[in-house]
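Within every chain, numbering begins at 1; the chains are lettered A, B, ... in the order of the sequence lines, protein sequences first and strands thereafter. The analysis underlying the following values was restricted to heavy atoms, covering all of them including side chains, and did not include hydrogens, waters or symmetry mates.
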Protein chains: 2
Amino acid sequence: MTKDETSGGKRPTLKDVALAAGVSVATVSYALNDAGSVGGDTRRHVLDVAARLGYRPNLSAKAMRTGKTGAIGLILPDLTNPFFPALAQNVVHAARESAYSVFVTDTQGSHEAERAAAQALIQRGVDGLIWFPINDEDTLADLTGGLPVLVLDRDNPRHDLIQIDVDSGGRMAAERLIRAGHRRIGVISGPTDVRSSRQRSESSAEVLRRHDALAWHLHNAYSFDLEPAVAAAVTDGSVTALCVGADLIALGAINALRQRALRVPEDVSIIGFDNIPYGALAFPGLSTINIPVEEMGIEAVNTLLRRIAKPAESRRRLVFDVTYVERGTVAPPPTR
Amino acid sequence: MTKDETSGGKRPTLKDVALAAGVSVATVSYALNDAGSVGGDTRRHVLDVAARLGYRPNLSAKAMRTGKTGAIGLILPDLTNPFFPALAQNVVHAARESAYSVFVTDTQGSHEAERAAAQALIQRGVDGLIWFPINDEDTLADLTGGLPVLVLDRDNPRHDLIQIDVDSGGRMAAERLIRAGHRRIGVISGPTDVRSSRQRSESSAEVLRRHDALAWHLHNAYSFDLEPAVAAAVTDGSVTALCVGADLIALGAINALRQRALRVPEDVSIIGFDNIPYGALAFPGLSTINIPVEEMGIEAVNTLLRRIAKPAESRRRLVFDVTYVERGTVAPPPTR
DNA sequence: GTTTTCTAATTAAACGTTTCATTTTTAAGG
DNA sequence: CCTTAAAAATGAAACGTTTAATTAGAAAAC
């Protein structure tokens with residue numbers, strides 16, 4: 001409908017609009033941006049002509065002039081990790097609400113790639129970065145300069161933070177199992193180079209210790225496949241319940257149990273952490289600790305955009321609550 | 001390490017490098033881009049100085065001058081659909097290989113959002129678009145103009161295409177079940193407004209009909225939850241096997257069966273389609289048709305970049321083969 | 001009627017590149 | 001040693017915006 005009238009093939013520029021409207025380029029710019037002082041009649045006329053020509057500002061030019069690109073970068077460890085797509089989705093949507101676009105990057109768990117990605121984004125001139133670091137290492141320290149950065153789920157002294165109250169999550173899980181009557185409970189934690197990950201299991205373990213119910217505390221990589229030692233511990237009858245620091249590992253544990261003909265939850269109860277979508281599809285559904293990842297995505301964008309607007313404001317640190325989601329993997333311990 | 005020496009706080013520009021190297025801006029530009037004619041010594045010297053100052057080109061400026069942004073847009077229906085993250089990941093990586101960045105957008109299955117997203121990307125000046133349309137409707141027809149677009153898994157007369165040989169996939173699935181000895185087989189297909197989706201099930205159904213083994217052919221939305229009629233048909237004993245047009249629906253069928261205490265694969269065999277990561281984590285693992293989504297992502301980028309480089313080249317249409325992945329949901333029909 | 005103030009509009013510079021057209025330098029040819 | 005050609009380097013315009021500085025015009029103040 002709003003095709004270019006003077007159809008020269010190219011997209012119309014400010015100059016074209018100015019020419020067609022019979023005013024100067026500056027006036028068009030002012031009118032379009034509600035800036036400067038433009039008379040009511042002229043403004044209307046300019047807007048009209050611009051619409052008729054189908055004028056769209058050239059954002060590259062705008063970016064060069066203003067130094068702002070209207071784009072932000074999202075740096076994630078791994079898009080195929082089921083935790084992240086929902087986050088990415090909400091970041092993209094929240095950004096679009098504010099007319100920002102999002103460069104998404106996934107670093108495959110490599111620090112090298114993380115740095116390369118950040119560098120590429122900075123060079124692109126993004127106005128800010130939302131960064132979910134691989135682990136606790138601050139690999140971008142020397143790269144970001146004064147660029148607004150929002151860090152997710154990690155500590156970082158230099159940037160705005162959005163964190164998760166993992167302590168309370170870890171406690172909730174442990175308490176739920178205690179409440180169900182379990183007294184021999186194993187804890188499996190995820191990656192040890194991530195504080196937030198260690199903390200989850202640590203708080204679980206602490207609660208269990210207090211009830212004298214901690215059978216053992218092991219580690220496993222963030223993976224569906226259990227390491228042999230862990231698989232053995234899970235299935236050797238030493239525990240009636242598991243507190244697992246990540247859903248993916250929890251699903252792996254369920255799998256290991258089933259392969260040895262043990263039933264969940266009749267023989268072993270399990271609670272995970274993350275509430276990844278897989279969990280809801282399992283049978284029975286995995287009981288877990290939910291992280292409000294959608295809200296986090298939205299809030300990440302909002303916080304970042306505020307920081308972009310007001311770089312000098314004092315550092316923000318948001319903490320999100322988690323909730324326990326009961327599905328089907330918790331039952332009383334087997335009686336025998 | 002490579003900080004700006006003349007540390008004025010701002011990032012060094014071509015001019016700064018030129019000044020520091022004692023040559024003209026043009027020479028620096030030529031040297032950096034291996035263009036024009038620059039003497040060997042000068043070239044080395046310029047490169048040296050540029051490195052020392054930590055010069056990075058301002059891509060907005062470059063974009064304005066050249067009309068190319070070095071960015072592409074990726075438009076997907078829904079990032080939380082487990083089919084897409086792997087695609088997105090590979091698109092992002094392949095693009096980075098060629099120094100392109102990717103704007104990722106997810107349209108939540110709305111045509112409105114699809115158009116809005118495309119418009120935003122075009123305005124941003126992306127050099128091309130990789131588009132996985134929601135259904136067969138060509139909603140962007142009037143927007144893309146001469147912009148290079150690569151369409152995934154759909155037909156479109158105007159653009160380069162990357163498709164999947166779904167016919168052969170549908171046949172493979174049906175034949176596998178026949179080979180296992182099943183003679184009462186149900187077919188569940190996904191969204192009906194997508195040709196590629198209809199086709200999967202249609203080819204399955206055709207094979208089954210030929211063997212006089214098609215019990216029924218039903219539809220279900222792309223969802224884990226089965227519509228009542230479908231759930232009933234799945235569990236009423238009318239079939240010993242299911243050919244399902246999408247893994248997510250297949251997992252829903254397994255769930256429905258389990259809730260009625262039917263076993264997979266002992267009572268009912270199931271083959272899905274897509275090979276989404278969930279399937280591998282189920283117990284038993286879901287047998288399915290694998291779509292080489294990683295390669296598709298890479299090839300999508302390659303094809304798009306070739307089109308960007310050579311807009312006039314004749315239209316390309318790539319078809320990817322699928323493969324059958326045997327896991328644990330296929331067994332001979334129950335004997336009774 | 002002249003000066004002042006305010007508003008509306010314009011001119012032109014600037015942002016950081018690329019690249020065409022031009023000048024300067026070097027090398028080759030006689 | 002002079003002329004010519006080739007190579008190397010430069011100057012300046014252009015890309016599409018924003019915005020500071022300026023001018024023109026109209027209304028207000030004296």
Problem set entry | Value in whole Å for how far the C1' atom of dA13(C) lies from CE of Met64(A) | 13 Å
Exercise. How many Å lie between NZ on Lys15(B) and C1' on dA13(C), as a whole number?
Worked result: 12 Å
For this session: Take atom CG of Leu32(B) and atom P of dT19(C), then tell me their distance rounded to the nearest Å.
Result: 13 Å
Exercise. Thinking salt bridges, do Lys10(A) and Asp16(A) make one under a 4.0 Å N-O criterion?
Worked result: no
For this session: Could you label the plane-to-plane angle of the Phe83(A) and Phe132(A) rings as parallel, tilted or perpendicular, counting under 30° as parallel and over 60° as perpendicular?
Result: perpendicular
Exercise. Expressed in angstrom and rounded to an integer, what is the separation of Leu19(A) atom CG from dG16(D) atom P?
Worked result: 13 Å
Problem set entry | Any Ser29(B) side-chain nitrogen or oxygen under 4.0 Å from OP1 or OP2 of dT18(C) | yes
Exercise. Do the side-chain N or O atoms of Ser37(A) get closer than 4.0 angstrom to the phosphate oxygens (OP1, OP2) of dC6(C)?
Worked result: no
For this session: Would you classify Ser60(B) as touching base, sugar-phosphate or nothing, given that sugar-phosphate means primed atoms plus P, OP1 and OP2, and contacts are heavy atoms under 4.0 Å?
Result: nothing
Exercise. For Thr27(B) and dA8(D), is the shortest distance between a side-chain N/O and OP1 or OP2 below 4.0 Å?
Worked result: no
Problem set entry | Expected output: side-chain Gln108(A) to main-chain Ala113(A) donor-acceptor under 3.5 Å | no
For this session: Report the nucleotide, chosen from dA13(D), dA9(D), dT17(D), that has the shortest atom-to-atom distance to any side-chain atom of Arg65(B).
Result: dA13(D)
For this session: Rounded off to whole Å, could you give me the CG-to-P distance for the Asn58(B) and dG16(D) pair?
Result: 17 Å
Problem set entry | Distance in angstrom units between Arg43(B) CZ and dA7(D) C1', rounded | 13 Å
Exercise. Rounded to the Å, how far apart are Tyr30(A) OH and dA8(C) P?
Worked result: 13 Å
Seminar exercise, completed: Ranking Val25(A) and Thr13(B) by the position along DNA chain C of their nearest nucleotide, the one closer to 5' is Val25(A)
Problem set entry | side-chain N/O Asn33(A) vs dT18(D) OP1/OP2, d < 4.0 Å | yes
For this session: For Glu295(B) and Asn90(B), test the side chains for any donor-to-acceptor distance below 3.5 angstrom and give the result as yes or no.
Result: no
For this session: Round to a whole Å and report the spacing from CG of Leu14(B) to C1' of dA9(D).
Result: 15 Å
For this session: Would you check if there is a donor-acceptor pair between the side chains of Thr303(B) and Asp160(B) at a distance under 3.5 Å?
Result: no
Exercise. Which residue lies toward the 5' end of DNA chain D, Thr66(B) or Gly22(B), if each is placed at its nearest nucleotide?
Worked result: Gly22(B)
